[in-house]
Q: 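Structure below; questions to follow.
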Amino acid sequence: PETVALFHALSCSPKPHQEAVEALASQILSYEAKNLGTNRVLILLQALKSLHPEIPMPTLLKHVEQGILSIAPNEIDPVRLATAASYLAAVGASKEAFDAVSRLVQSRAPNLFDRNSARIILSSFAESGYEEDPVMDFLFRIARGRAALKVN
C-alpha cells in the first residue's frame with residue numbers, strides 16, 4: 001500500500017526520477033494483481049497517466065489491467081468507472097482492459113449512471129477505437145437522458 005502511494009506521489013512530481021519510478025514499479029509488480037483492490041488500481045492508473053508518455057511502463061500497465069479484471073461490480077461506482085475508462089484511454093490500455101470496464105458498466109443498473117459519467121466512458125471507448133463495444137448503446141441512452149433499457 002505504501003509503495004503505491006509513493007509511486008503516485010513520485011508520478012505527480014514535475015520531473016520524476018526514472019530509476020526511482022522503475023524501482024517502485026518493480027515492487028508493485030511483486031504484488032498479485034488480483035489483490036491490488038479498486039482504490040490502488042485507480043491510483044496506479046492515475047500515476048501511469050501522469051508518467052505517460054515520458055516514462056512508459058507497459059509491464060506495470062499490464063499488471064494494473066489484470067487488477068481491473070478482478071474488480072467486482074459492487075466494488076466500483078459509475079463515477080470511478082468513468083475515471084478508470086478515462087485513464088485507460090490516456091495510457092493506451094488493451095482491449096482486455098476495456099472489455100473488463102464494459103462488463104462492469106453493463107453489470108450496473110442504468111439508473112446509477114449520471115449523464116456525465118456515461119459521456120466520459122463513451123468518449124474513452126471512442127478515443128480508444130472501441131466504438132463497436134456493446135456498452136456504447138447502453139451509455140448513449142443514458143448520455144441522451146433516456147432510459148438505458150431497450151424498449152421493444
Q: Hey, are the side chains of Asp133 and Phe138 touching, using non-hydrogen atoms and a 4.5 Å cut-off?
A: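 No, side chains not in contact.
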
Q: Surrounding CD of Glu132 (heavy atoms of other residues, nucleotides or ligands, distance under 6.0 Å), is the total greater than 12?
A: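 No - once you tally the heavy atoms of other residues, nucleotides and ligands closer than 6.0 Å, there are 12 at most.
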
Q: Please examine the side chains of Arg80 and Asn39, heavy atoms only from C-beta on, and report whether any two atoms are closer than 4.5 Å.
A: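 Yes, at least one pair of side-chain atoms sits under 4.5 Å.
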
Q: Taking atom CG of Leu61 and atom NE2 of His52, what is their separation to the nearest 0.5 Å?
A: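 Going from the CG atom of Leu61 to the NE2 atom of His52 covers 9.0 Å.
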
Q: Linking I/L/V/M/F/W/Y whenever any side-chain heavy atoms sit under 4.5 Å apart, do Tyr87 and Val135 land together?
A: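 Looking at the clustering, Val135 is in the same group as Tyr87.
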
Q: Which value, rounded to the nearest 0.5 Å, describes the distance between Lys95 atom NZ and Ser128 atom OG?
A: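 The OG atom of Ser128 is 10.0 Å from NZ of Lys95, to the nearest 0.5 Å.
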
Q: For the residue pair Ala84 and Leu42, what are the closest heavy atoms and their distance?
A: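 Closest approach of Ala84 to Leu42, heavy atoms only: CB-CD2, 3.6 Å.
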
Q: Identify whether Leu6 and Ile55 are in the same connected component of the hydrophobic contact network (ILVMFWY, side-chain heavy atoms under 4.5 Å).
A: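 Linked within one cluster.
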
Q: Got a list of side-chain donor-acceptor pairs under 3.5 Å for residues 103-113, not counting sequence neighbours?
A:
unit_1, atom_1, unit_2, atom_2, d
Gln106, NE2, Ser102, O, 3.4
Gln106, NE2, Ser102, OG, 2.8
Ser107, OG, Arg103, O, 3.4
Ser107, OG, Leu104, O, 2.7
Arg108, NH1, Pro73, O, 2.6
Arg108, NH1, Ile76, O, 2.6

Q: Find out whether Lys62 and Pro58 are in side-chain contact, i.e. whether some heavy atom of one side chain is under 4.5 Å from a heavy atom of the other.
A: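 Of all side-chain heavy-atom pairs linking Pro58 with Lys62, none is under 4.5 Å.
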
Q: Is Tyr31 reachable from Leu29 through a run of hydrophobic residues whose side-chain heavy atoms are each under 4.5 Å from the next?
A: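 Yes: a chain of side-chain contacts under 4.5 Å links Leu29 to Tyr31.
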
Q: Using the rule that Ile, Leu, Val, Met, Phe, Trp and Tyr join whenever any side-chain heavy atoms are under 4.5 Å apart, tell me whether Val101 and Ile120 fall into a single cluster.
A: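 No, no single cluster joins them.
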
Q: Only one of Leu45, Val64, Leu48, Thr83 forms a side chain to side chain contact (heavy atoms under 4.5 Å, CB included) with Leu88, so which one is it?
A: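 It is Leu45; the other options fail the test.
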
Q: So, Ser13 side chain and Ala9 main chain: donor-acceptor pair closer than 3.5 Å or not?
A: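 Checking the backbone N and O of Ala9 against the side chain of Ser13, no donor-acceptor pair under 3.5 Å is found.
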
Q: Where do Ile142 and Ala118 come nearest, in terms of heavy atoms and distance?
A: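 Shortest heavy-atom contact: CG2-CB, 3.7 Å.
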
Q: When you compare the side chains of Tyr130 and Ser124, does any donor N or O come within less than 3.5 Å of an acceptor on the partner?
A: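 Per modelled atom types, Tyr130 and Ser124 side chains form no pair under 3.5 Å.
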
Q: Regarding Arg40 and Asn35, do their side chains bring together a donor and an acceptor under 3.5 Å, going by distance alone?
A: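 Judged by distance alone, the side chains do not pair up.
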
Q: Would you check if Leu51 and Leu10 make a side-chain contact, meaning some heavy-atom pair closer than 4.5 Å?
A: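 Side chain of Leu51 against side chain of Leu10, heavy atoms only: no contact under 4.5 Å found.
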
Q: What distance separates Leu44 CG from Ile68 CD1, expressed to the nearest 0.5 Å?
A: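 Between Leu44 CG and Ile68 CD1, I get 10.0 Å after rounding to 0.5 Å.
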
Q: What is the distance from atom CG of Leu122 to atom CZ of Arg115, rounded to the nearest 0.5 Å?
A: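 Nearest 0.5 Å value for the CG-CZ distance: 12.5 Å.
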
Q: Above 12 or not: heavy atoms from other molecules or residues under 6.0 Å from CD of Glu19?
A: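 No - once you tally the heavy atoms of other residues, nucleotides and ligands closer than 6.0 Å, there are 12 at most.
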
Q: Does the side chain of Phe125 reach to within under 4.5 Å of the side chain of Met136, using non-hydrogen atoms?
A: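 Sidechains of Met136 and Phe125: in contact.
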
Q: What's the spacing between Leu24 CG and His17 NE2 if we round to 0.5 Å?
A: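 Going from CG on Leu24 over to NE2 on His17, the span is 12.0 Å.
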
Q: Nearest 0.5 angstrom please: Gln66 CD to Glu32 CD, how far?
A: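 Going from the CD atom of Gln66 to the CD atom of Glu32 covers 11.5 Å.
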
Q: Within the 4.5 Å heavy-atom criterion, are Met57 and Val21 side-chain neighbours or not?
A: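 Yes, their side chains come closer than 4.5 Å.
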
Q: State, yes or no, whether a side-chain contact exists between Leu69 and Glu65 at a heavy-atom distance under 4.5 Å.
A: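 No, side chains not in contact.
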
Q: Taking all non-hydrogen atoms of both residues, which atom of Ile121 and which atom of Ala82 are closest, and how far apart?
A: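 Taking Ile121 first and Ala82 second, the nearest heavy atoms are CG1-CA, 3.5 Å.
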
Q: What heavy-atom pair brings His63 and Leu36 nearest, and what distance separates the two atoms?
A: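 Heavy atoms of His63 and Leu36 come nearest at CD2-CD1, 4.1 Å.
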
Q: Give the minimum heavy-atom separation between Ala89 and Phe98, together with the two atoms involved.
A: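 Scanning both residues completely, I find the closest heavy atoms to be N-CZ, 3.7 Å.
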
